[in-house]
There are 2 protein chains.
Amino acid sequence: MDWLPRSMINASRVRTLGIDEHLFRKGDTVFGIFEVIKGRLSMVRHTSEGQKVVIHSSLEGSLFAEAALFATEYHCDGVAVEETEVRVFDKDAVFAAFRDNPELAENFMAVLARQVQVLRAKLEQRSIRSARQRLIHHFILSAEEDGRTVPLKGTLKDLAVELGLTHEALYRTLAKLEKEGLVERSATVVLLQPKLFI
Amino acid sequence: MDWLPRSMINASRVRTLGIDEHLFRKGDTVFGIFEVIKGRLSMVRHTSEGQKVVIHSSLEGSLFAEAALFATEYHCDGVAVEETEVRVFDKDAVFAAFRDNPELAENFMAVLARQVQVLRAKLEQRSIRSARQRLIHHFILSAEEDGRTVPLKGTLKDLAVELGLTHEALYRTLAKLEKEGLVERSATVVLLQPKLFI
DNA sequence: CGGCGTTTTGAGAGAGCTCAACATCGGTGG
DNA sequence: CCACCGATGTTGAGCTCTCTCAAAACGCCG
């Protein structure tokens with residue numbers, strides 16, 4: 001959210017939610033959009049019988065319910081899955097800022113466009129069924145400029161989640177690639193070997 | 001693209017691409033963004049050894065490379081996978097239009113925000129591994145107001161593709177749900193039965 | 001009728017998931 | 001300093017589920 005002007009951040013407020021606490025409910029008039037600072041929020045719809053269907057589950061640092069800007073009512077529930085902190089941006093204030101400051105509007109567009117890009121890439125990734133191919137795909141796309149070094153941020157478990165694999169599957173696949181000499185590993189980096197690209 | 005003013009559409013041009021023909025290449029200066037009218041485009045990156053990695057594959061009717069609006073260079077190749085028709089919107093013209101017409105900018109934001117919403121929902125759906133649960137999830141979310149009727153648009157094969165399943169898996173799963181009395185089917189509609197929601 | 005695409009069902013194999021045990025490492029407190 | 005603990009990392013075995021390949025029924029249209 002580094003693209004936001006100070007003024008907008010100052011005009012926002014932070015709210016803390018306990019587990020299962022609602023940020024908004026279906027049918028509520030849209031009052032704002034959110035940034036998840038800490039914790040996790042879900043968008044949930046309820047069936048007539050009260051069963052929950054999760055539409056979306058947020059990550060820390062992401063925008064939440066930004067599409068609500070262009071609606072009058074929320075059309076699902078926003079619920080905290082864990083203890084969560086959200087920054088609340090007032091809808092009218094956001095729009096006013098956009099009109100005042102076209103550059104801000106462009107920044108927001110850029111953020112959304114980037115999101116779309118990332119999400120589409122992720123979806124493409126998930127369409128690869130084989131753990132091996134999915135991992136290779138990920139490695140190649142997240143390699144640095146040299147095209148061979150992939151920095152490991154966070155734990156392998158986290159990576160497994162990001163890739164939509166169980167951690168066991170990831171460990172095994174990675175070990176196999178290593179044994180076959182397709183990659184080399186250190187604690188912080190994966191080095192892609194030429195063979196991998198053939 | 002119904003939110004675009006006539007003037008923008010008139011200012012655009014349509015281009016036809018043959019299979020494997022490039023719309024743009026990595027490093028090219030961004031000249032515009034696109035709407036896929038017919039056919040399919042892919043965003044592709046090449047490894048140092050020349051292997052292709054697909055980042056994204058477009059659907060008909062969708063925007064393509066809209067994130068490029070906020071970059072100076074394309075950072076992957078845009079290639080036609082089939083015989084493809086694209087509408088080309090000049091980058092500068094788009095920006096000029098946004099500045100001239102804040103409402104247009106807002107419309108564009110709304111389109112992007114909606115995209116993000118849809119993509120996130122799809123990603124959530126794909127995170128459900130079981131064909132059965134994925135199908136049920138889809139049914140419940142795409143039910144009409146009554147919460148029980150799901151219209152079937154297109155063939156079941158198409159639905160299978162949308163859900164990321166083979167058509168065989170879809171047929172079988174659907175048949176099973178039907179046999180268990182969880183849904184009823186006609187040619188055009190799936191009726192969700194109360195049992196399904198328990 | 002004949003051909004094409006969708007729908008359906010069958011059998012088999014492979015891949016990833018689940019459950020389980022164990023190693024490793026870093027931190028914490030006695 | 002060591003014992004303990006929790007989380008990550010690792011490997012094993014079995015199972016389930018979906019994919020793949022195959023074949024056939026069905027419906028539609030020329």
Side-chain angles (χ1 to χ4, degrees), chain A residues 38-40 54 57 59-60 81-83 122-139 142 150-191 196, chain B residues 38-40 54 57 60 82 122-139 150-191 196:
Chain A
K38 200 160 147 346
R40 204 150 52 94
V54 176
S57 203
L59 297 172
E60 284 180 13
V81 184
E82 327 166 350
E83 178 96 6
K122 221 173 243 183
L123 213 49
E124 191 75 30
Q125 177 192 76
R126 296 302 176 95
S127 78
I128 303 173
R129 297 186 195 283
S130 145
R132 184 193 179 89
Q133 284 312 114
R134 198 184 288 185
L135 184 56
I136 292 177
H137 182 267
H138 170 77
F139 279 159
S142 47
V150 179
L152 289 176
K153 301 156 189 163
T155 68
L156 290 179
K157 262 183 124 163
D158 295 338
L159 179 59
V161 171
E162 194 187 317
L163 294 179
L165 299 170
T166 57
H167 59 279
E168 294 100 320
L170 176 62
Y171 290 139
R172 277 189 252 265
T173 308
L174 189 50
K176 208 168 180 182
L177 290 181
E178 209 176 353
K179 191 157 59 181
E180 294 175 19
L182 299 179
V183 305
E184 278 179 19
R185 281 172 67 195
S186 73
T188 56
V189 160
V190 175
L191 248 178
L196 185 67
Chain B
K38 200 159 147 344
R40 204 151 52 93
V54 176
S57 203
E60 284 181 13
E82 327 166 350
K122 219 172 243 182
L123 211 51
E124 191 75 30
Q125 177 192 77
R126 295 302 175 94
S127 78
I128 303 172
R129 299 185 194 284
S130 145
R132 184 193 178 92
Q133 283 314 113
R134 198 184 289 184
L135 183 56
I136 292 177
H137 182 267
H138 170 77
F139 279 159
V150 179
L152 290 177
K153 302 156 190 164
T155 68
L156 289 180
K157 259 183 126 162
D158 295 338
L159 180 59
V161 172
E162 194 188 318
L163 293 179
L165 298 170
T166 58
H167 59 279
E168 295 100 320
L170 176 63
Y171 290 137
R172 278 189 251 266
T173 309
L174 189 51
K176 207 168 180 181
L177 290 181
E178 208 175 355
K179 190 156 61 180
E180 294 175 19
L182 298 180
V183 305
E184 278 179 17
R185 282 173 66 195
S186 73
T188 56
V189 160
V190 175
L191 248 178
L196 185 68

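First the proteins, then the strands, lettered A, B, ... as listed; each starts at 1.
Listed for the B:E124 side chain is a donor-acceptor partner under 3.5 Å among the backbone atoms of A:S57.
Rounding to the nearest 0.5 Å places CG of B:L165 at 10.5 Å from NE2 of B:H138. Taken to the nearest 0.5 Å, the NZ atom of B:K179 stands 12.0 Å off from the CG atom of B:L174.
Between the CG atom of A:L165 and the P atom of C:dT18 there is a distance of 12 Å, given to the nearest Å. As rounded to whole Å, 10 Å separates atom C1' of D:dA22 from atom CD of B:E168. Taking atom CG on A:L156 and atom P on C:dA23, their separation rounds to 20 Å, with Å as the unit. Regarding A:L174, its CG atom lies at a distance of 14 Å from the C1' atom of D:dT8, rounded to whole Å. Look at CG on A:L159: it is 12 Å from P on D:dT10, rounded to the nearest Å. C:dC17 atom C1' lies 16 Å from atom CD of B:Q133, rounded to whole Å. Put simply, CG on B:L170 is 16 Å from C1' on D:dT20, counting in whole angstrom units. Rounding to whole angstrom units, CG of residue B:L135 and C1' of D:dT18 are separated by 14 Å.
Distances shorter than 4.0 Å separate some side-chain N or O of A:R185 from OP1 or OP2 on D:dT10. Listed pair A:T166 / C:dG16 fails the phosphate criterion, with no side-chain N or O lying under 4.0 Å from OP1 or OP2. Between A:Y171 and D:dG9, a side-chain N or O to OP1/OP2 separation shorter than 4.0 Å is present.
Between the side chain of A:R172 and the base of D:dG9, no donor-acceptor pair of N or O atoms lies under 3.5 Å.
Listed candidates were D:dT18, D:dT11, C:dG16. Nearest to the side chain of A:S130 is C:dG16. The listed nucleotides are D:dA22, D:dC19, D:dT8; the one nearest the side chain of B:A169 is D:dC19.
Counting non-hydrogen atoms under 4.0 angstrom, B:R129 reaches the backbone sugars and phosphates but no base.
Residues A:L163 and A:R134 come closest through the heavy atom pair O-NH1, 2.6 Å.
If you find the closest nucleotide of DNA chain C to A:A131 and to A:H167, the one lying nearer the 5' end belongs to A:A131.
Comment: B:K157 does not engage B:E168 in a salt bridge, judged by the lack of any side-chain N to carboxylate O separation of less than 4.0 angstrom.
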